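Computed from heavy atoms alone, side chains included, the values below leave out hydrogens, waters and symmetry copies. The residues of the chain are indexed from 1 along the displayed sequence. It should be emphasised that the depicted structure is a prediction, and the values quoted were computed from it without experimental measurement.
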Amino acid sequence: MISAQAWADARLLWDYHFMHHDPRPCSVAVGLGSHDLGVADVTAELYHRGLAPVIIFTGATSPTTRARMPRGEAVHYRERALQLGVPDSAVLLEPRATNTGENIEFTKAVLAAADVKASSVLLVSKPYEERRSYAMMRKLWPEVEVVCASTRMSLEEYTDSIGDARMVIDMIVGALQRVLIFPRLGLAIEQDVPDTVAAAFERLCVEGFTSRLMPANVAPRPTTSGFVDEASSLGFDA
């Protein structure tokens with residue numbers, strides 16, 4: 001059972017993770033790979049609204065997506081977007097990234113190879129990854145304007161859609177931890193975390209929502225691309 005206090009605390013974190021940006025036209029829409037096909041749905045919707053002429057989906061697989069997306073997250077996202085009427089000519093693919101730092105750097109390389117000039121990015125992620133993804137983009141790709149987007153729904157609606165409330169709350173807690181510590185690793189900009197959010201985070205940790213936390217005694221290791229291996233070494237769904 002999840003207590004009423006835990007639900008209230010999870011809602012505080014859920015709301016904090018949203019950047020509350022208004023979608024507006026950008027050079028490109030970037031769909032960050034994950035277990036959630038809703039990212040592809042939102043990216044396709046933004047394309048159909050004329051807010052980005054080009055889409056790039058980025059992501060290989062992680063422990064949580066290998067069974068559901070055996071061909072890779074970016075590939076499955078692309079297939080979903082095509083089903084939703086996005087023309088193949090508008091979709092670029094980046095199938096190698098295994099963490100968010102690689103999502104960003106490899107996306108830059110794919111766009112350069114395709115001669116797509118990006119001054120602004122519609123960054124599409126899972127709802128609880130908006131803030132962390134934004135902070136990493138501002139650090140690792142500071143020259144572009146970043147507009148965040150995700151599926152707009154309540155925490156309860158999202159947990160119902162995923163089918164595992166405890167896993168979702170664990171991920172929300174893990175995402176908040178990374179907002180706190182990634183700036184010290186040089187992976188993200190600093191962001192203000194209200195005391196109420198920090199206190200809710202601590203209570204959720206005490207209640208055991210800790211499966212997605214970075215272990216305090218594990219030093220993050222770099223990948224060959226030079227970025228922290230969030231998915232494998234830190235047990236995080238990148």
Side-chain angles (χ1 to χ4, degrees), residues 11 13-62 64-65 68-69 71-95 97 99-100 103-104 106-107 110-111 116 118 120-138 141 144-164 167-168 171-172 175 179 237-238:
R11 287 187 204 101
L13 267 64
W14 176 263
D15 291 339
Y16 173 74
H17 283 309
F18 282 106
M19 294 301 296
H20 302 288
H21 291 167
D22 292 325
R24 55 187 180 273
C26 289
S27 307
V28 62
V30 177
L32 297 176
S34 75
H35 63 85
D36 184 356
L37 270 177
V39 174
D41 293 350
V42 172
T43 309
E45 177 193 352
L46 294 170
Y47 173 83
H48 286 305
R49 288 170 58 186
L51 298 184
V54 177
I55 289 171
I56 179 166
F57 292 123
T58 168
T61 60
S62 73
T64 55
T65 63
R68 297 181 62 185
M69 301 180 182
R71 295 182 299 284
E73 296 153 5
V75 172
H76 284 265
Y77 277 15
R78 173 185 172 276
E79 291 170 353
R80 177 68 169 175
L82 297 184
Q83 290 172 358
L84 294 172
V86 176
D88 182 63
S89 59
V91 182
L92 298 173
L93 213 57
E94 188 295 294
N99 61 66
T100 311
N103 286 140
I104 295 168
F106 294 171
T107 288
V110 170
L111 290 174
V116 175
S120 55
V121 172
L122 270 170
L123 187 65
V124 188
S125 67
K126 301 185 294 294
Y128 56 86
E129 289 291 358
E130 276 197 20
R131 186 170 293 275
R132 182 177 75 95
S133 300
Y134 173 82
M136 294 187 72
M137 282 285 289
R138 297 306 303 134
W141 200 354
V144 299
E145 178 188 8
V146 182
V147 180
C148 293
S150 65
T151 306
R152 284 295 180 263
M153 58 176 63
S154 69
L155 171 61
E156 288 80 3
E157 290 170 333
Y158 189 80
T159 56
D160 286 345
S161 73
I162 298 300
D164 189 336
M167 180 188 77
V168 171
M171 289 183 169
I172 293 169
V179 168
D237 176 16

Test item: Y16 and V179 side chains (from C-beta on) under 4.5 Å apart, heavy atoms:
yes
Of all heavy-atom pairs between V42 and A149, which one has the smallest distance, and what is that distance?
CG1-CB, 4.4 Å
Please confirm whether Y134 and H21 have ring centers closer than 6.0 angstrom.
yes
dist T107:OG1 -> I56:CD1 (nearest 0.5 Å) comes out at 4.0 Å
Which heavy atom of P95 sits nearest a heavy atom of A74, and at what distance?
CA-CB, 4.4 Å
Contact list for residues 40-58, test side-chain hydrogen bond (donor to acceptor under 3.5 Å, both in side chains), sequence neighbours left out:
D41-R80, T58-E94, T58-N103
Can you tell me how far OG of S125 sits from CE of M137, rounded to the nearest 0.5 angstrom?
11.0 Å
Between CE on residue M19 and CG on residue L123, distance to nearest 0.5 Å
10.5 Å
Are any of the side-chain heavy atoms of V124 and L46 separated by less than 4.5 Å?
yes
Qualifying residues under side chain to side chain donor-acceptor pair (under 3.5 Å), relative to R11, sequence neighbours excluded
E156
Between F18 and R131, is there a cation-pi geometry (under 6.0 Å to ring centre, at most 45° from the normal)?
no
Validation row: W141, V121 side chains within 4.5 angstrom (heavy atoms)
yes
Please identify each residue that fulfils side chain to side chain donor-acceptor pair (under 3.5 Å) with E130, with sequence neighbours left out.
S150, R152
Cut-off 3.5 Å, no hydrogens considered: what does the side-chain donor-acceptor table look like for residues 83-91, sequence neighbours left out?
| residue | atom | partner | partner atom | Å |
| --- | --- | --- | --- | --- |
| D88 | OD1 | R78 | NE | 3.3 |
| D88 | OD1 | R78 | NH2 | 2.3 |

Do the side chains of I172 and L155 get nearer than 4.5 Å, heavy atoms only?
yes
Classify the angle between the aromatic ring planes of W14 and Y158 as parallel (below 30°), tilted (30 to 60°) or perpendicular (above 60°).
tilted
Is any side-chain heavy atom of L122 closer than 4.5 Å to one of V28?
no
S120 to C26 - nearest heavy-atom pair and separation
OG-CA, 3.2 Å
Residues at least two apart in sequence or cross-chain that pass side chain to side chain donor-acceptor pair (under 3.5 Å) with R68, listed by chain then number, are none
Tell me if a side-chain donor or acceptor on H17 pairs with a main-chain N or O of P127 at a distance below 3.5 Å.
no
Does H76 reach the main-chain N or O of R71 with its side chain, forming a donor-acceptor pair under 3.5 Å?
yes
Could you state the interatomic distance from CG (D36) to OH (Y77), rounded to the nearest 0.5 Å?
6.0 Å
Taking side chain as C-beta onward, heavy atoms only, is S133 less than 4.5 Å from L32?
yes
Salt bridge (Lys or Arg N to Asp or Glu O under 4.0 Å) against E157, all qualifying residues, sequence neighbours excluded:
none
For M167 and I162, the nearest pair of non-hydrogen atoms, with its separation, is CE-CG2, 3.4 Å
Looking at CE of M153 and OG1 of T159, how far apart are the two atoms once the value is rounded to the nearest 0.5 Å?
10.0 Å
d(S34 OG, E129 CD) to nearest 0.5 Å is 8.5 Å
Taking side chain as C-beta onward, heavy atoms only, is L51 less than 4.5 Å from R24?
no
Which heavy atom of A52 sits nearest to which heavy atom of A29, and what is that distance?
CB-N, 3.6 Å
